Amino acid sequence: MRALRLTAWGEAPAPAEVERPVPHGAEVLVRVEAAGLCRSDLHVIDAPPEALPYRLPFTLGHEVAGQVTALGPDADGVAAGDRVVVYGPWGCGSCTRCVAGSGNYCDRRDTLAWHGAGLGRDGGMAAYLLVPSARHLVPIGDLPADQAAPLSDAGLTSYHAVSGLRPALGEGGNAVIIGVGGLGHLAVQILRATTESRVLAVDVREDALALADRSGADFSTLMRPDTARALRARTGDVGADAVLDFVGTAQTLELAISVLRPGGELAVVGSGGGSLTVSKPGVLPAGFRLSLPFWGTRHELAGVVTLARSGALRVETERFPLSAAPEAIDRLRRGATRGRTVLVPN
């Protein structure tokens, strides 16, 4: 079968012919219908040697949806023909967090030579994906694959971030989204579907603000010198109850702190290289709480799929055949992608 493989650090992935996997033990073989492409893939491709514990070569693709086609003799919980989305963070499988479905926070993550599908293990940018256990599969029913695949990272990460802030977002609350890209536009929809808060969106691009508006934001604005004042005015000058920063640069973190009310919650999802200095007393709001959400739990992925199947969550996507992966990667690097990129096997 054809697969998009990473064969050297810092070099473009290349198509290759590889053997179609055969499931053994508890393994499950999934015929790939769609695989998402995101900036995490660029981080992996661009990583210098030894920056990651992964062993080359391997197939990329950690956002995967498809159909179960074969099962190992010890596999259970799914059947051939089931349509599924793959839970991406494959932890050790035996620590208390993995057993509870929280492979994203596996206790042995730092000791593993892989972190999941497309992250040290063969992923879904291929015709088939071998999944080590059915516990990594969530049924999607008739949900289109190009909608389901991005839910396993972009949707799940956003849902997990919002879940941690939900207690602070009661009726009349205000949530600020900084960065309305592939994750941010889903966070807007998840906030609208699962909280009673107003959603205020910020980005540096006009088209991203249009996406925020289509996703249900109550207010959207470009990032300017007076953005903090404009956002505070929308909250009655008390500040935001929660801020989700999907960029994570020094500038966006400064904006987040400047609009957060005392006792507010900040979730930093983006990996833009910014930092905060924690000191007391200092410039941080009194009672400020910080979270660094990473991916999400399998139970939360099921919740994301439920939202999508109900119509409350829709991913803005650009589709490419797998053979056009170089073009898709180039568009992503240039920031020309609208929403999420999805690759479909030829």
Side-chain angles (χ1 to χ4, degrees), residues 38-40 42-43 46-47 51-52 89 102 104-105 109-110 153-154 156-169 173-188 190-191 195 197-205 208 212 217 219-235 237-296 335:
C38 76
R39 291 202 168 271
S40 296
L42 299 187
H43 295 326
D46 296 340
L52 295 170
S102 300
N104 53 319
Y105 296 135
R109 176 179 171 82
D110 292 341
D153 182 357
L156 177 56
T157 301
S158 299
Y159 188 94
H160 182 58
V162 170
S163 293
L165 306 180
R166 199 169 291 132
L169 293 172
N174 293 282
V176 173
I177 299 285
I178 303 177
V180 192
L183 276 73
H185 86 287
L186 296 177
V188 171
I190 292 166
L191 282 164
T195 78
S197 61
R198 289 185 292 272
V199 182
L200 316 177
V202 182
D203 205 290
V204 296
R205 303 162 297 161
F219 173 74
S220 58
T221 181
L222 288 171
M223 191 164 175
R224 298 178 172 131
D226 65 343
T227 296
R229 185 166 62 250
L231 292 172
R232 279 191 163 273
R234 288 281 169 167
T235 70
D237 290 323
V238 299
D241 299 278
V243 178
L244 294 100
D245 185 352
F246 288 97
V247 184
T249 63
Q251 292 79 11
T252 58
L253 290 173
E254 180 182 356
L255 174 63
I257 292 302
S258 66
V259 301
L260 201 63
R261 72 187 300 183
E265 304 259 5
L266 169 60
V268 180
V269 185
S271 303
S275 61
L276 290 172
T277 299
V278 178
S279 61
K280 189 176 180 180
V283 299
L284 299 176
F288 151 87
R289 287 179 293 275
L290 172 68
S291 62
L292 304 173
F294 174 71
W295 227 325

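Only a predicted model underlies this, so the values are computations on that prediction, with no experimental measurement involved.
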Distance-minimising heavy-atom pair for [X] and [Y]:
X      : Y      : answer
Leu191 : Val199 : CB-CG2, 3.8 Å
Ser275 : Leu253 : N-CD1, 3.5 Å
Ala240 : Leu260 : O-CD1, 3.6 Å
Pro89  : Gly296 : CG-O, 4.3 Å
Val188 : Ile177 : CG2-CG1, 4.1 Å

State, with a plain yes or no, whether a side-chain heavy atom of [X] is found less than 4.5 Å away from one of [Y].
X      : Y      : value
Val176 : Leu244 : no
Ile257 : Pro285 : yes
Gln251 : Met223 : yes
Leu276 : Leu266 : yes
Thr227 : Leu231 : yes
Thr235 : Leu200 : yes
Trp295 : Asp153 : yes
Leu290 : Phe288 : yes

Requested in this report: State the OG-CG distance between Ser158 and Leu183, to the nearest 0.5 angstrom.
Outcome: 4.0 Å

Query - Interatomic distance, Arg232 atom CZ to Asn174 atom CG [nearest 0.5 angstrom] - result: 11.0 Å

Query - Those residues that, when tested against Arg224, pass salt bridge (Lys or Arg N to Asp or Glu O under 4.0 Å) (two or more places apart) - result: none

Report task. Please list, chain by chain and in numerical order, all residues satisfying side chain to side chain donor-acceptor pair (under 3.5 Å) with Arg109, sequence neighbours excluded. Result -> none

Requested in this report: Classify the side-chain pair Thr195/Ser197 by whether it contains a donor and acceptor separated by less than 3.5 Å.
Outcome: yes

Query raised in the report: Taking the six-membered ring of Phe246 as reference, does the NZ or CZ atom of Arg39 fall below 6.0 Å from its centre and within a 45° cone about the axis?
Result: no

Query raised in the report: Counting only heavy atoms not in Arg229, do more than 12 fall under 6.0 Å of its CZ?
Result: no

Report task. Please name the residue in the list Ile178, Val202, Val269 that meets the side chain to side chain contact (heavy atoms under 4.5 Å, CB included) test with Asp245. Result -> Ile178

**Report entry** Sequence-distant partners of Tyr105, ring-ring contact (aromatic ring centres under 6.0 Å, His included), two or more places apart
**Finding:** His160

Requested in this report: Mark yes or no for whether Asp241, through its side chain, and Leu169, through its backbone, hold a donor-acceptor pair below 3.5 Å.
Outcome: no

